[in-house]
Amino acid sequence: MLKSMSSSDDHLVSMIVSSTGKSHLRQIHAVLLRTSLIRSSDVFHHFLSRLALSLVPRDLDYSRRVFSERSNPSVSHCNTMIRAFSVSETPGEGLRLFRSLRRKTFPPANPLSSSFALKCCIKSGDLLGGLQIHGKIFSDGFLSDSLLLTTLMDFYSTCENSAAACKVFDEIPKRDTVSYNVLISCFLRNKRTRDVLFLFDKMMKEVDGCVKPDGVTCLLALQACASLGALDFGKQVHDFIDGNGLGGALNLNNTLVSMYSRCGSMDKAYEVFNRMRERNVVSWTAMISGLAINGFGKEAIEAFEEMLKCGISPEGHTLTGLLSACSHSGLVREGMMFFDRLKSGEFMMKPNLHHYGCIVDLLGRARLLDKAYSLVQSMEVKPDSTIWRTLLGACRVQGNVELGERVISHLIELKAEEAGDYVLLLNTYSSVGNWEKVAELRSLMKEKRIHTKPGWSAMEVQGQVHEFIVDDVSHPRKEEIYKMLAEINQQLKIAGYVAEVASELHNLDSEEEKGHALTYHSEKLAIAFGILMTPPGTTIRVTKNLRTCDDCHNFAKFVSRVYDRVVIVRDRSRFHQFKGGFCSCNDFW
DNA sequence: TTAGGGTTAG
């Protein structure tokens, strides 16, 4: 049919080209060349777009050749190619094309060219390239282009420069839901979780015109709540979802399951999960991982088996959740059985680093350190720093100095040693009373200028999130908090609590500071704040970014008994529920 | 002629 068409049929030809499948594209190309129909800018545009953008997988070589054969490409032809490069493995080519386009006086580049070029910079991590484009936005006269500025924010977000992203946001003439979402995702990526909640609140109250949260906003806000353990705020987001007709979305329900379980509310997680009309592997994975961090190992295994019964195949993450559930609940036999099934290929995948990490953790907790070490040595994939770190953690718990030293030498070899690793080794030495080595390591840390990253704890009171760091003095009610902490310490002492000075050492320079900093670990500040701010009997919920130390764990146990409070601490690896002087983890973490 | 944001983790 194409053969009989003339240049006056451009539109029809374009439509045919746009609907052509991959197998016929070369034939169509030949016809277009033979009939000279390709000379039409319209026809060429559609052909190139089909070739470079809408086909999966894309044929970039072919697109590149077709494009280079065009003697007078228009801006939109160039943009098609820049966009294609921005999602390819060679985004640098897109930037080069953009630059050559800008150098020409005609045709001039348009805001879209800059937008796609920025995408190229994001993909290739080209900081300088992006900054140059930003510099030209003013001289190109694109300052009022909201969509381009939104992409620019996304660029700064990937560069972890949230201050620059904020500045661009302020300059956007007409902000809409997407520009808000980009800023929110920037805050989330850059760990400014409280700002995420602030912005969500602002959108909900429609402070900025009629900008309202949409599904993506809710998804991001829920992630922030999960990270902070902000259960009340999470419930508000849930209400917003239900009240605005967003409740049926699969991805939102999956995130709700994850949020509730990461906030320690398994009842609500189950409720959402059971009400879901449709569930995919992500839904099951969220549930299994949630059960895992809450210490419900057996239930996680049951959920996994139920999932298989429903005919859903697990993914890598699903197995990670399952194996970590076994590890956290001390189900060594079950964990090893699932690991064997994974290795046999039953789940159509090979064990990855996460899976090995779980098993190393499992063996370490089960005091099978040698077995864990030989597993790491025999791994098919090269062990990364996290694997070694997991093993180092197990060495600390069991005071195995010899293996601990060997492990740290592996970390040094990988050039991946972090302050936390030295702290673990330091604690291993101190747990066996080897003070000479402690001193030696301390001076080494000083020499290498190693500083620990501060731990933080968060606590939600009436929907407001309060954050604390070690030795925090920034909180407006710091005086009351420290007074309360002193009182608690006194009460606990009477009940028999003794601070374990040797249990955890942070970035301290002298022995005298040790006892002092133990008193002011961020979770202790948060717990004191909780007792201060809530009526007797209220559950205290604290979220911590690192693993909680032995001393703080012990402190929380005493608080739960002396103050008759349920204290729930979510640390980096799991939940601890303290009640009547005991912890749900049975000191096994 | 075209465009910007997003689900599970050791």
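Below, chain A is the first sequence line, B the second, and so on; all start at residue 1. None of these values were measured; they are calculated from a predicted model.
Annotation: side-chain hydrogen bond (donor to acceptor under 3.5 Å, both in side chains) contacts of Asn280(A) (sequence neighbours excluded): Asn254(A), Ser283(A). Residues satisfying the ring pair (Phe, Tyr, Trp, His ring centres under 6.0 Å) test with His134(A), not counting sequence neighbours, are Tyr156(A). Qualifying ring pair (Phe, Tyr, Trp, His ring centres under 6.0 Å) partners for His238(A), counting only residues two or more places apart in sequence or in other chains: Tyr260(A). For Asp195(A), the salt bridge (Lys or Arg N to Asp or Glu O under 4.0 Å) test picks out Arg192(A), with sequence neighbours left out. Listed by chain and residue number, Phe240(A) satisfy the ring pair (Phe, Tyr, Trp, His ring centres under 6.0 Å) test with Phe200(A) (two or more places apart in sequence, or in another chain).
Judged purely by distance below 3.5 Å, without hydrogens or angles, the side chains of Asn352(A) and His355(A) pair a donor atom with an acceptor atom.
At a threshold of 4.0 angstrom between heavy atoms, the contacts of Val182(A) are confined to the sugar-phosphate backbone, with no base atom among them. Nucleic acid contact for Arg389(A): none, since no nucleic acid atom lies under 4.0 Å from a heavy atom of the residue. Nucleic acid contact for Asn253(A): none, since no nucleic acid atom lies under 4.0 Å from a heavy atom of the residue.
Between the CD1 atom of Ile241(A) and the P atom of dT7(B) there is a distance of 14 Å, rounded to whole Å. Per the geometry, NE2 belonging to His328(A) stands 12 Å off P belonging to dA9(B), to the nearest Å. One can place CZ of Arg279(A) at 22 Å from P of dT7(B), the figure rounded to the nearest angstrom. Taking atom CD1 of residue Ile288(A) and atom C1' of nucleotide dT7(B), one finds them 15 Å apart after rounding to whole Å. Rounding to whole angstrom units, CD1 of residue Ile312(A) and C1' of dT8(B) are separated by 14 Å. What separates CZ of Phe575(A) from P of dA9(B) is a distance of 12 Å, to the nearest Å. Protein atom CD1 of Ile293(A) is 12 Å distant from nucleotide atom P of dT8(B), rounded to whole Å. To the nearest angstrom, C1' of dT8(B) lies 12 Å from NE2 of His355(A).
A donor-acceptor contact under 3.5 Å is not formed by the side chain of Thr151(A) with the base of dG4(B). Taking 3.5 Å as the limit, the base of dT7(B) and the side chain of Asn254(A) contain a donor-acceptor pair of atoms between them.
At least one test fails for Arg39(A) against the ring of Phe44(A): distance under 6.0 Å to the centre or angle within 45° of the axis.
Within residues 213-230 of chain A, the residues that place at least one heavy atom under 4.0 Å from DNA chain B are, in residue-number order, Asp214(A), Val216(A), Leu219(A), Leu220(A), Gln223(A).
Residue pairs meeting the side chain to side chain donor-acceptor pair (under 3.5 Å) criterion with at least one partner in residues 79-88 of chain A, sequence neighbours excluded, are Asn79(A)-Asn110(A), Asn79(A)-Ser113(A), Ser88(A)-Thr90(A). Within the structure, no pair that satisfies the side chain to side chain donor-acceptor pair (under 3.5 Å) test touches residues 299-310 of chain A, not counting sequence neighbours.
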So which protein N/O to nucleotides 1-3 of chain B N/O distances come out below 3.5 Å?
unit_1 : atom_1 : unit_2    : atom_2 : d
dT2(B) : O4     : Asn110(A) : ND2    : 3.3

